[in-house]
Amino acid sequence: MEDAAIIGLYWARDEGAIAASDEKYGPLCRALSRDILDSREDAEECVNDTWQRAWDTMPPQRPGSLRAYLARITRNLSIDRWRARRAEKRGSGLTVLLDELEEALPAAPSAEDLTEARETARAINRWLDTLPPADRTAFLRRYWYGQRVDEVARQAGYSSNSMAKRLGRLRAGLRLALEQEGIVV
């Protein structure tokens, strides 16, 4: 089913929207959540929560890309669940991702620094636009979708070791680009 038709089902308050979303985007959302949480059961709960959140937000939302909309909801819910688990005990999956990016990104902005955070996001997007498609894809798979290095390497046709080095060079490039734009890292 086309995305526009699925969105139309949400707007018509037709529960078939959930089944259609799960059929088309369930595997993507489950993999994304599982990569962040490292738990099939928690990932399944997050995906179910994704369908509920989509139901609650459409209408008034009418996403331009249903895939991106559902992936963002899943990612945010998974990170929230990861943070809740981490508050109870130390997690591992997302900790590794954040530790790797920590040296290349500035500290999380406070509410007063929202404008600066937006400029940082724009600078990161400008930097991503300068990358060759393969590097951009690898970077996003690792740091947006939370895929393990060996998965990113396999999909790109590289060894895990060479992909880890490549991602390290990309993080260094991001750090340099941000520093050149005057963003304190």
Side-chain angles (χ1 to χ4, degrees), residues 1-40 42-83 93-94 97-98 100-101 104-105 108-109 114-115 117-149 151-156 163 167 170-171 174 177-178:
M1 181 179 289
E2 294 296 317
D3 287 359
I6 297 172
I7 292 169
L9 291 175
Y10 279 106
W11 274 69
R13 308 314 287 163
D14 184 330
E15 291 181 12
I18 294 171
S21 296
D22 190 55
E23 181 179 329
K24 188 166 184 180
Y25 294 114
L28 167 76
C29 292
R30 284 180 187 84
L32 173 58
S33 185
R34 199 172 36 250
D35 285 343
I36 292 170
L37 295 170
D38 199 28
S39 165
R40 191 175 56 81
D42 285 347
E44 191 61 40
E45 286 183 36
C46 279
V47 171
N48 289 335
D49 291 346
T50 296
W51 309 144
Q52 180 65 49
R53 180 77 50 91
W55 182 265
D56 291 344
T57 58
M58 285 190 282
Q61 299 285 330
R62 188 176 284 275
S65 167
L66 185 60
R67 179 183 194 271
Y69 187 74
L70 296 173
R72 188 185 79 225
I73 291 171
T74 301
R75 183 176 187 273
N76 290 342
L77 290 170
S78 298
I79 289 171
D80 289 347
R81 184 174 293 260
W82 175 84
R83 285 182 177 141
L94 194 56
L97 290 176
L98 295 176
E100 288 178 6
L101 277 175
L105 296 175
L114 186 56
T115 302
R118 287 183 182 144
E119 185 53 39
T120 300
R122 284 192 285 271
I124 292 170
N125 284 329
R126 283 190 298 273
W127 174 77
L128 284 169
D129 287 341
T130 68
L131 296 178
D135 284 347
R136 183 174 43 248
T137 298
F139 191 86
L140 290 173
R141 283 186 172 161
R142 177 67 178 140
Y143 299 111
W144 175 257
Y145 291 105
Q147 290 182 343
R148 293 188 325 264
V149 173
E151 288 179 50
V152 176
R154 181 182 49 77
Q155 291 170 348
M163 182 55 70
L167 289 168
L170 288 170
R171 288 191 310 273
L174 172 59
L178 292 176

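This one's a predicted model, so the numbers in the text were calculated from it and none came from an experiment.
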Next item on the list: Answer yes or no: is there a donor N or O on one side and an acceptor on the other, between the side chain of Trp11 and the main chain of Gln61, under 3.5 Å?
Entry: yes

Notebook entry, point to check: For the side chain of Arg30 and the backbone of Gly26, is there at least one donor-acceptor N/O pair under 3.5 Å apart?
Noted result: yes

Please report the closest heavy-atom contact between [X] and [Y], naming both atoms and the distance.
X: Leu70; Y: Ala54; result: CD2-CB, 3.8 Å
X: Ala43; Y: Ser33; result: CA-OG, 3.2 Å
X: Cys46; Y: Leu37; result: SG-CD1, 3.7 Å
X: Gly146; Y: Asp35; result: O-CB, 3.3 Å
X: Leu178; Y: Ala123; result: CD2-CB, 3.7 Å
X: Ala20; Y: Ile6; result: CB-CG1, 3.8 Å

Item checked: Glu151 vs Arg141, salt bridge (Lys or Arg N to Asp or Glu O under 4.0 Å): CA-CA, chis, key distance, verdict -> CA-CA 9 Å; Glu151 288 179 50; Arg141 283 186 172 161; over 6 Å; no

Checklist line | Non-hydrogen side-chain atoms of Leu128 and Leu140 separated by less than 4.5 Å | finding: yes

Margin query: Would Asp80 and Arg83 count as a side chain to side chain contact (heavy atoms under 4.5 Å, CB included) here? Give the steps.
Written below: CA-CA 5 Å; Asp80 289 347; Arg83 285 182 177 141; 4.1 Å; yes

Check: Got a salt bridge between Asp3 and Lys24, using NZ or NE/NH1/NH2 to carboxylate O under 4.0 Å?
Finding: yes

Checklist line | SB check Arg126 Glu119 (cutoff 4.0 Å) | finding: yes

Quick one: [atom1] on [X] to [atom2] on [Y], what's the gap to the nearest 0.5 Å?
X: Arg148; Y: Met163; atom1: CZ; atom2: CE; result: 14.0 Å
X: Thr130; Y: Asp135; atom1: OG1; atom2: CG; result: 9.5 Å
X: Asp49; Y: Cys29; atom1: CG; atom2: SG; result: 12.0 Å
X: Ile124; Y: Leu174; atom1: CD1; atom2: CG; result: 5.5 Å
X: Tyr69; Y: Ile7; atom1: OH; atom2: CD1; result: 9.0 Å
X: Leu9; Y: Met58; atom1: CG; atom2: CE; result: 10.0 Å

Margin query: Does Tyr145 form a side chain to side chain contact (heavy atoms under 4.5 Å, CB included) with Arg75? I'd like the steps, not just the answer.
Written below: CA-CA 8 Å; Tyr145 291 105; Arg75 183 176 187 273; over 6 Å; no

Notebook entry, point to check: Going through the checks in order, is the side-chain hydrogen bond (donor to acceptor under 3.5 Å, both in side chains) test met by Asp56 and Gln52?
Noted result: CA-CA 6 Å; Asp56 291 344; Gln52 180 65 49; 2.9 Å; yes

Next item on the list: Could you tell me whether the side chains of Tyr10 and Thr57 share a donor-acceptor contact shorter than 3.5 Å?
Entry: no

Notebook entry, point to check: Between Thr50 and Thr74, do the side chains contain an N or O donor and an N or O acceptor separated by less than 3.5 Å?
Noted result: yes

Notebook entry, point to check: Cationic tip of Arg13 within the cone over Trp55's six-membered ring, i.e. under 6.0 Å and within 45° of the normal?
Noted result: yes

Item checked: Worked verdict on Leu32 versus Gln147 for side chain to side chain contact (heavy atoms under 4.5 Å, CB included) -> CA-CA 8 Å; Leu32 173 58; Gln147 290 182 343; over 6 Å; no

Notebook entry, point to check: For the ring pair Trp51 and Tyr25, is the centre-to-centre distance below 6.0 Å?
Noted result: no

Checklist line | CD (Gln155) with more than 12 external heavy atoms under 6.0 Å | finding: yes

Note to self: Using a 6.0 Å cut-off, check whether atom CZ of Arg62 has over 12 heavy atoms from anything other than its own residue.
What the structure shows: yes

Notebook entry, point to check: Under the side chain to side chain contact (heavy atoms under 4.5 Å, CB included) criterion, do Arg34 and Asp38 qualify, and how do the steps go?
Noted result: CA-CA 5 Å; Arg34 199 172 36 250; Asp38 199 28; over 6 Å; no

